[in-house]
Amino acid sequence: MLRRPGSWPGASAPAVELTAAEELALVQRCLARDASAWRSLYDRHFARVARLIRALGVNEGEADEIGQEVFLIVYRHLRSFRGEARLATWIHKLATREAIRHAKRKRMKRALLELFGREQRPALPRDWAENEAARRQYLNQLLARLSPERRLALVLFEIEGRPVEEIAELCGCAVNTVWTRIHRARAQLEQIAKEGAA
Amino acid sequence: VKGNSRDRWLEDAPEPGAQALRRALDDGPSDEDSFARQRIWQRVQSPWAGESSRRTRGPLFAVAGALAVCAVIAGLAQRGPTPVATAPVVPAASLPPPASIALTTGPEEHARHRLARGAAAALGPRSALIPGDETTPPEVKVGRVGFDVPHQAPGRRYLVRAGAFNIVVIGTSFEIAVDDAGVGVSVSSGVVAVEEAGSGRALARLSPGMSWSSAAPAPARVRRPRVPRSEPRLDPAAAYARYQRLAAAGGPMAEVALYEMGVIEAEDQHDLPRALATWERHRARYPKGTLRPEADLSIVEALARLRRHDQALIEARAFLTRYPGSERRAEVARVAGDLLRTRGDCRGALGFYDLAVAAARADAGDVDDAAFHRAACLATLGDARASAAARDYLARFPLGRHAVDVQRLLAGGKVDAPAR
């Protein structure tokens, strides 16, 4: 039978939730170069960091480098973690900042391409109804038209199903700003999708 | 839409572009790339290594990146497509390039992997795929592999190798089967061309619904009956209709078809009660069938997912009795232990965790979980063996997924078994 990770009860056992004090202790052990503590921190946070990077449209070739960079930045900044926020929030904020920085560089390159008229409108693939990979590619083409901030807000909200309050915390902005970004991203995508299909 | 909007955005949009966008959003996040997890871990596993000498960081990561490749190979060679545990360190010089690492599945496994250039591959049981990279095409070595390939940039061909043939695609869903009978290709959508690998001579051009097979034998080790070419993950409705006809017609394919109907009902139609009934019908009709263990296992899984825990436990116990040599023994025992533990029966769970930990052939993730929960249950019961169990865990999985929690356990902190 087709098995998906986590489809059985306990197939991917969730890590025990750490208290704030335990998170601080984990950080201290990481700083003391405890390999198992660092592995535990990585395992607890990798999946969401990876999704965050993908949400911003980093391609596969670059995703490893950014993932690496994020965790090295996390380690370098661990000394400044005071336990005032949850470790997950703190790490995801760092990851968001790094991924947005990268996405902005990439967007600048794309803007240059657009300027010279070399980029095509996203075309709706003929087999979109049955080909998931084609749909993903189409979605990525559409999302590439959005600013990193709008893209992040839309992906976290529409695909990941995260509450706007959490997105606001990750982005370091107000909840209303997140709503504005989501609505504007939707309007922009709707327009492009209609034009592409025409 | 999640959040405080009540309507789902674009749900009733008439434009195909908007409908495609909604569907793409509903597809959800792409599968976690377990290989990326391993690759990146190998690059960051010693972040302090650069602290003493920043100048050595570049070369150090180059070597670490190569080690990541080795980690994946080791995981694949021994356990199939979901490597979880830590990576052994071996000399980088002995490592093959990433494009040549075989992705494999066991006798009862399916796996889905992301490939270069936006493609995705779904491996059926006993299959092997060399994934390739941006410049090297993937190659199906044996078994059945379904591909989803997005449209490629103008002038770029997407090519898959199978035996002595190249399958050339532009943007499509298709499946390749390699076995003793040769190479077979069936197309769900788009257009595929088949050509000779050596000469490039065009042999066939296939549209949706069309199939092609070679007469020449190809390397193969699979003895399982040839399954119809409709891949449930790619075209469930068509596959289901075909399986229904095959199951009703009887003959050697009927058993496989009936089993696969249950898979589609569970995974694509999300109708677990119906899938359960189909698998029960399957084992009633084929009590000594080749897929009987698979049907039994699927029934345990379905019952567990339906939260019919009592029946799931009965089935799990029966499975463990009936198949003492099964490679899924640790997995079933661990699930049975989890079912009892979540009901508060730590004492009952211990027996199953013992079975899982002692299983000769097992996925390291299952043993890791079982060993941890065994220690946690012993601690909950106030059993004096808890410390020894925790130390055993750390000896076996020094960098395991529960290592930190076990260390807390040893330090005297209370470790509650995670609720499901």
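Every value quoted in this text rests on a predicted model; they were computed, and no experiment measured them. Within every chain, numbering begins at 1; the chains are lettered A, B, ... in the order of the sequence lines, protein sequences first and strands thereafter.
Ion pairing between a basic and an acidic side chain is recognised when a charged N comes within 4.0 Å of a carboxylate O; B:Asp405 and A:Arg44 show such pairing. Ion pairing between a basic and an acidic side chain is recognised when a charged N comes within 4.0 Å of a carboxylate O; A:Arg135 and B:Asp27 show such pairing. Salt bridge present: A:Glu158 and B:Arg22 bring a charged side-chain N and a carboxylate O closer than 4.0 Å.
Of the N and O atoms on the side chains of B:Gln19 and A:Trp128, not one donor lies less than 3.5 Å from an acceptor on the other residue.
Rounding to the nearest 0.5 Å gives a distance of 10.0 Å between CG of A:Asp43 and NE2 of B:His402. How far CZ of A:Arg136 is from CG of B:Leu25: 10.5 Å, rounded to the nearest 0.5 Å. Between the CG atom of A:Leu143 and the CG atom of B:Leu21 there is a distance of 7.5 Å, given to the nearest 0.5 Å. To the nearest 0.5 angstrom, A:Glu190 atom CD is 7.5 Å from B:Glu15 atom CD. To the nearest 0.5 Å, atoms CG (A:Leu139) and CG (B:Asp26) are separated by 10.5 Å.
Listed for the A:Arg186 side chain is no donor-acceptor partner under 3.5 Å among the backbone atoms of B:Trp9.
Looking at every heavy atom in both residues, B:Val149 comes nearest to A:Ala133 through N-CB, 4.2 Å. Across all non-hydrogen atoms, the minimal contact from B:Gly17 to A:Leu124 is N-CD2, 3.8 Å.
Counting non-hydrogen atoms of neighbouring residues, nucleotides and ligands closer than 6.0 angstrom, the CZ atom of B:Arg343 exceeds 12 such neighbours. Applying the 6.0 Å contact sphere to CZ of A:Arg184 captures no more than 12 heavy atoms from other residues, nucleotides or ligands.
For chain B, the nearby part of A:Leu26 is the side chain; its heavy atoms alone come within less than 4.5 Å. Only the side chain of B:Leu10 comes within contact range of chain A, judged by heavy atoms closer than 4.5 Å.
Between B:Trp48 and A:Trp38, the ring planes are perpendicular. Angles over 60° get that label, and only those under 30° would be called parallel.
The shortest side-chain heavy-atom distance between A:Tyr75 and B:Val44 does not fall under the 4.5 Å cut-off.
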